[in-house]
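First up is the structure itself, then whatever we jot down about it.
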Amino acid sequence: VQLVESGGGLVQPGGSLRLSCAASGLIFSNYVMSWYRQAPGKERELVAVIRTTGSTNYADSVKGRFTISRDNAKNTVYLQMNSLKPEDTAVYYCRAVLLRDYWGQGTQVTVSS
């Protein structure tokens, strides 16, 4: 199983980024997919989750700004991030969960002017 994140980078406050996580080696549609982030000196935290039904949940800190979606035909989960703030700066990881979990290697998002 492999999860590969992409789309991170440097963006100014108020800007947008779209992260992608491409999965291989698993039946993607069966997995609950989520995005986590870890800022320097902080614990990893859940950002958003999308279930096999398409239902979603978000951390309070990103509600109304971030949108998680999935394309089962492309084995990919996305995180659209709008109105980015400096406190969104972190390494973002995707996670796939069924009977066990798998993690990607992470992609750096830096929000700074």
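- More than 12 heavy atoms of other residues, nucleotides or ligands shown are found within 6.0 angstrom of CD on E87.
- With sequence neighbours left out, Y93 forms a side chain to side chain donor-acceptor pair (under 3.5 Å) with no residue at all.
- The stretch residues 20-36 participates, sequence neighbours left out, in no salt bridge (Lys or Arg N to Asp or Glu O under 4.0 Å) pair at all.
- The list of salt bridge (Lys or Arg N to Asp or Glu O under 4.0 Å) pairs with a residue in residues 48-63, not counting sequence neighbours, reads D60-K63.
- Connection of V4 to Y31 is not established within any shared hydrophobic cluster, with ILVMFWY side chains joined at heavy-atom distances below 4.5 Å, either directly or through further cluster members.
- Considering every non-hydrogen atom in both P13 and S113, the closest pair reads CD-N, 3.7 Å.
- One finds the OG atom of S69 at 7.0 Å from the CZ atom of R18 (value rounded to the nearest 0.5 Å).
- Here the shortest heavy-atom pairing between I68 and V77 reads CG1-CG2, 3.9 Å.
- The closest side-chain heavy-atom distance from S112 to T89 is not below 4.5 Å.
- The distance from the CG atom of N72 to the CD1 atom of I27 is 11.5 Å, given to the nearest 0.5 Å.
- Taking every heavy atom of both residues into account, L26 and A96 meet most closely at CD2-CB, 4.3 Å.
- With sequence neighbours left out, T76 forms a side chain to side chain contact (heavy atoms under 4.5 Å, CB included) with S20, A22, K74, Y78.
- Under the side chain to side chain donor-acceptor pair (under 3.5 Å) criterion, T110 pairs with Q108, not counting sequence neighbours.
- In this structure, the side chain to side chain donor-acceptor pair (under 3.5 Å) partners of D88, at least two apart in sequence or on a different chain, are R37, R65.
- Residue L3 comes nearest to C21 through the heavy atom pair CB-SG, 3.9 Å, listed as atom of the first residue, atom of the second, then distance.
- Y102 and F28 fall within a single hydrophobic cluster, where Ile, Leu, Val, Met, Phe, Trp and Tyr are joined by side-chain heavy atoms under 4.5 Å apart, directly or via other members.
- The side chain to side chain donor-acceptor pair (under 3.5 Å) search around D71 returns none, not counting sequence neighbours.
- With sequence neighbours left out, S24 forms a side chain to side chain contact (heavy atoms under 4.5 Å, CB included) with Q2.
- Grouping the Ile, Leu, Val, Met, Phe, Trp and Tyr side chains by contacts below 4.5 angstrom, directly or via other members, places L98 apart from W103.
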**Study point:** Steps toward side chain to side chain contact (heavy atoms under 4.5 Å, CB included) verdict (E5, L19)
**Key:** CA-CA 7 Å; E5 299 98 336; L19 305 183; over 6 Å; no
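- Looking at residues two or more places apart in sequence or on another chain, you find a salt bridge (charged side-chain N to carboxylate O under 4.0 Å, His left out) between R95 and D101.
- Under the 4.5 Å side-chain heavy-atom criterion for ILVMFWY residues, no single connected hydrophobic cluster contains both L79 and Y36.
- Cluster membership check: V11 does not share its hydrophobic cluster with V91, using side-chain heavy-atom separations under 4.5 Å among Ile, Leu, Val, Met, Phe, Trp and Tyr.
- Residues forming a ring pair (Phe, Tyr, Trp, His ring centres under 6.0 Å) with Y58 (at least two apart in sequence, or on another chain): none.
- The other residues sharing a hydrophobic cluster with V49 are V32, where clustering joins ILVMFWY side chains under 4.5 Å apart.
- Note: W35 and F66 fail the aromatic proximity criterion, with ring centroids not under 6.0 Å apart.
- Under the side chain to side chain contact (heavy atoms under 4.5 Å, CB included) criterion, K42 pairs with A39, sequence neighbours left out.
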